[in-house]
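Data block below; observations after.
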Amino acid sequence: MSGSTRRLAINRLKDRGPLDAAAVDRFLARHEVPIVEGRRCTFLFRGEADEVWVRHRVLGLPDRLPLRRLHGTDLWSVVLELPESSRVEYQLEVRRGEHYEHLNDPLSPHRSHSPVGSSSVVFGSGYVDPEWAQHDPEARPGELVEVAVPSRALRRDARVTLYLPARFRRTRAYPLLLVHDGPDYLQYAAARTVLDNLVHRDEVAEVVAAFLHPGDRLVEYADSTAHARFVTDELLPWLERRFPLTGQPSGRCLMGASFGAVGALSTAYRSPETYGALLLQSGSFVFTDIGSDHGGGPVFDPVVRFTNRYRARPRAVADRVFVSCGVYEPLIVPNRSMVPVLSDTGMRVRYVESRDGHSWENWRDRLRDGLSWVFPGPRKYVYE
Amino acid sequence: MTVTVLGPQRRPTVGPLPAGTVAATVTAGWREREADDAELDALLGGRTVNLRLHARWLAVLDDDRELATAEVNHRAVLEELQDLYALRVDQQERAIEAIRRSATRPRTKSAALADAEETLRLVDAQHLARAAEARADFDAAWRPGDRVAVRRHRAEVAAVLRDAGVLVLAGGHVGVLLHVLRLFAVTPPADVLAWSAGAMALTDRVVLFTDGRAEAYAAGLGLLGGTVLLPHARRRLPMDDPARLGALARRFAPASCLVLDDGVQGLDKARVIGADGRVG
């Protein structure tokens, strides 16, 4: 019997008739939870409760998926379709009387981390944790250097973490990657390791990366003039005076995820001759075609105004733009909608989708595609 | 002069040199790993002198900051030329593919394809001319061979080569290899042994190829005229697509496109891509 037609493990368990605690123990010991069988995924919870739900943010599915209790046991389950190569972050919500509790899946060891905490994560069949995002002892590490850049635009000394590639030399000229939400990219998307590995493998050019530490990111990255002035008029010249950078648009890339992608695009929009490339991940490009009810709340107001303005009068703001988005996140619609808008300006656009959500690991997993396209390494020159 | 070309050396086939022969080796294509040549030295019989061209190049850049700055700008020009040329190749290949897909009348289609392929050859030739012009301008403006920092290394390299019976060119970064071979005026002795990028550098036209795409890059040293060498072809070219392979062969004709598979020993053992895309 093929895997796709074989009865699910949870159903085989049910078929066995009356179940005792020991049978449930044996079942759980035999399976990794959640149980992924082809395109089906069984979420489980064990314990006394009045109701249990899977909470997730997968577009197209109900926010709360109720689990049902297996008769005569304290085991709860629900089966969900999980397409190949999916990656889904989730939590469980448990109600006991009037008390509601959100928790990571106690039966699963897999966790995903972000600035707002951790969540459980399940991988669909075929999902591959990219080895190029793991530490490679063969790859010589780049160096991280902390600097403070005085900014009149932001009215503060802006912290920036600089990445200098291994074997950094003053007699070279490096392209520059300006990364919004720098600390999060470093902590949650393994950006340093990814750069070390991809440079080592000749897939990405040796680059200097400036990881920006935002103040209030929801303000600074939401089409803020002050942020754009800081990046283009203060940070960029500051870096180009002190480090051996190409100093040409083709060697400058603005990168960001979510609001950071808005910060990247709006900065380039204000200075369309300055940057050669943009790397935009799950950009918060919420827009309205009519009216002003965008559903994002007040923090999205300036974003929507910017996106609407850009969509009404799009123009080329770089030579090439890499766009990625997860199909399970609500921003998939705005991102898909932006692709033809960006392309029609004459910019070269590469667009990549993944079966993932609005998460740092999704953005990590797309870094190879994005970085090797905006700043390709010398692979085509190397014949060992 | 005898030039022996080998296939890629991931599983080495290179053997010991005749007794008494000293080999000058070039592993500059390995870039920062240039000095990791103990295995190569052992395979060749333990009588090698590494010319250390990559290390010499870095030393020159440290010693002569004016030349270093000029080189940075020169490299930026060459890279931009290559990028712009790649855009033109991309457009032309898309046009060829579209013609192949959409035209229905055999004679019309055949003529349109021939014209499009001719345009692509013109794009290649124009790029090589522009790149050669940029290199000539740089050499004329900066005369690297006359600079103190370079002259000393050239003399040392020449002295090693005078005593060497064979020059061994390993693979790696073909752009770096070509650059340092020119910068230090490496003149091969009687015999040359080369593989992968080292062999490519000996041709009169170096062609880059990866992900099924080919780009002309630069003139090589010209010791192997009339050949385009394609090491690692199985990993980099659509070997199961005769239409595209045939287009590649016609594009670089009259030069022969030779596939350097693992284990090949000698150009006469290399397989040739025919104008019809067959490899044999």
Side-chain angles (χ1 to χ4, degrees), chain A residues 136-142 164-176 196 199-208 240 243-253 276-277 316 318-320 343 346-350 368-369 372-384, chain B residues 8-10 29-33 57-65 67-69 71-77 79-80 82-84 86-87 90 170-178 195-201 206-211 213-215 217-218 229-233 235-236 260:
Chain A
D136 177 355
E138 295 279 308
R140 284 183 60 174
L164 305 178
R167 298 180 285 265
F168 174 79
R169 294 178 66 86
R170 293 257 161 209
T171 51
R172 292 190 177 167
Y174 295 91
L176 174 66
D196 286 345
V199 167
H200 171 71
R201 296 168 192 206
D202 289 331
E203 293 188 36
V204 170
E206 293 182 321
V207 292
V208 169
E240 291 184 348
F243 294 90
L245 303 170
T246 68
Q248 299 294 321
S250 60
R252 299 183 188 127
C253 174
D319 169 52
R320 54 206 187 281
S343 294
M347 295 187 286
R348 281 183 285 156
V349 178
R350 179 163 291 189
R368 183 192 201 175
D369 288 340
S372 65
W373 191 65
V374 297
F375 288 142
R379 214 164 63 86
K380 71 179 175 185
Y381 295 94
V382 178
Y383 306 82
E384 295 285 3
Chain B
Q9 295 293 302
R10 288 188 178 202
W30 302 351
R31 293 167 286 169
E32 282 76 9
R33 293 183 292 105
W57 176 37
L58 297 185
V60 164
L61 298 180
D62 284 339
D63 292 346
D64 188 341
R65 300 308 284 262
L67 181 66
T69 304
E71 253 204 22
V72 163
N73 294 331
H74 177 52
R75 275 204 300 277
V77 168
E79 282 171 15
E80 188 167 15
Q82 195 72 30
D83 289 346
L84 296 176
L87 285 178
D90 185 50
H173 192 301
V174 68
V176 169
L177 262 179
L178 274 175
W195 58 87
S196 295
M200 293 165 75
V206 176
V207 173
L208 310 174
F209 55 101
T210 193
D211 299 331
R213 297 266 319 272
E215 294 174 20
Y217 172 58
L229 296 186
L230 307 167
H232 304 292
R235 287 187 287 276
R236 291 174 178 254
L260 289 183

Original post:
How far apart are the closest heavy atoms of A:T171 and B:D62, and which atoms are they?
Top reply: CG2-OD1, 3.9 Å
Subject >> Flag, side chain of A:Y383 to backbone of B:F209, donor-acceptor distance under 3.5 Å >> reply: yes
Subject >> Nearest-0.5 Å distance that lies between atom OH in A:Y381 and atom CD in B:Q82 >> reply: 4.0 Å
Original post:
Who wins among B:L58, B:D211, B:V72 for the most heavy-atom pairs under 4.5 Å with chain A?
Top reply: B:L58
Subject >> Sequence-distant partners of B:N73, side-chain contact (heavy atoms from CB on, under 4.5 Å), two or more places apart >> reply: B:T69
Original post:
Looking at residues at least two apart in the chain, or sitting in another chain, which of them share a salt bridge (charged side-chain N to carboxylate O under 4.0 Å, His left out) with B:E79?
Top reply: none
Original post:
Where on B:R213 is there a heavy atom nearer than 4.5 Å to chain A: the side chain, the backbone, both, or neither?
Top reply: neither
Original post:
Measuring heavy-atom distances to chain A, does B:R235 have an atom under 4.5 Å in its side chain, in its backbone, in both, or in neither?
Top reply: neither
Original post:
Between B:R31 and A:V382, is any pair of side-chain heavy atoms under 4.5 Å apart?
Top reply: yes
**OP:** Please flag which part of B:E71 lies under 4.5 Å from any non-hydrogen atom of chain A: side chain, backbone, both or neither.
**Re:** neither
Original post:
With a 4.5 angstrom heavy-atom cut-off, which part of B:V174 approaches chain A: side chain, backbone, both or neither?
Top reply: both
**OP:** Sort B:L87 into side chain, backbone, both or neither according to what part of it lies under 4.5 angstrom from a heavy atom of chain A.
**Re:** side chain
Original post:
Taking atom CZ of A:R169 and atom CG of B:L61, what is their separation to the nearest 0.5 Å?
Top reply: 6.5 Å
Original post:
If you tally heavy-atom pairs under 4.5 Å against chain A, which of B:G198, B:A197, B:G172 wins?
Top reply: B:G172
Original post:
Using non-hydrogen atoms only, which part of A:R140 is less than 4.5 Å away from chain B: side chain, backbone, both, or neither?
Top reply: neither
Original post:
Where does B:S196 contact chain A at under 4.5 Å (heavy atoms): side chain, backbone, both or neither?
Top reply: both
Subject >> Between CZ on residue A:R320 and CG on residue B:D83, distance to nearest 0.5 Å >> reply: 7.5 Å
Original post:
Would the number of heavy atoms belonging to other residues, nucleotides or ligands and lying under 6.0 Å from CD of B:E32 be above 12?
Top reply: yes
Subject >> Separation between CZ of A:R379 and NE2 of B:H173, rounded to the nearest 0.5 Å >> reply: 12.5 Å
Original post:
What residue, out of A:R172, A:E384, A:R170, has the most heavy-atom pairs lying under 4.5 Å from chain B?
Top reply: A:E384
Original post:
In terms of heavy-atom pairs under 4.5 Å, which option from B:E80, B:R75, B:M200 contacts chain A the most?
Top reply: B:M200
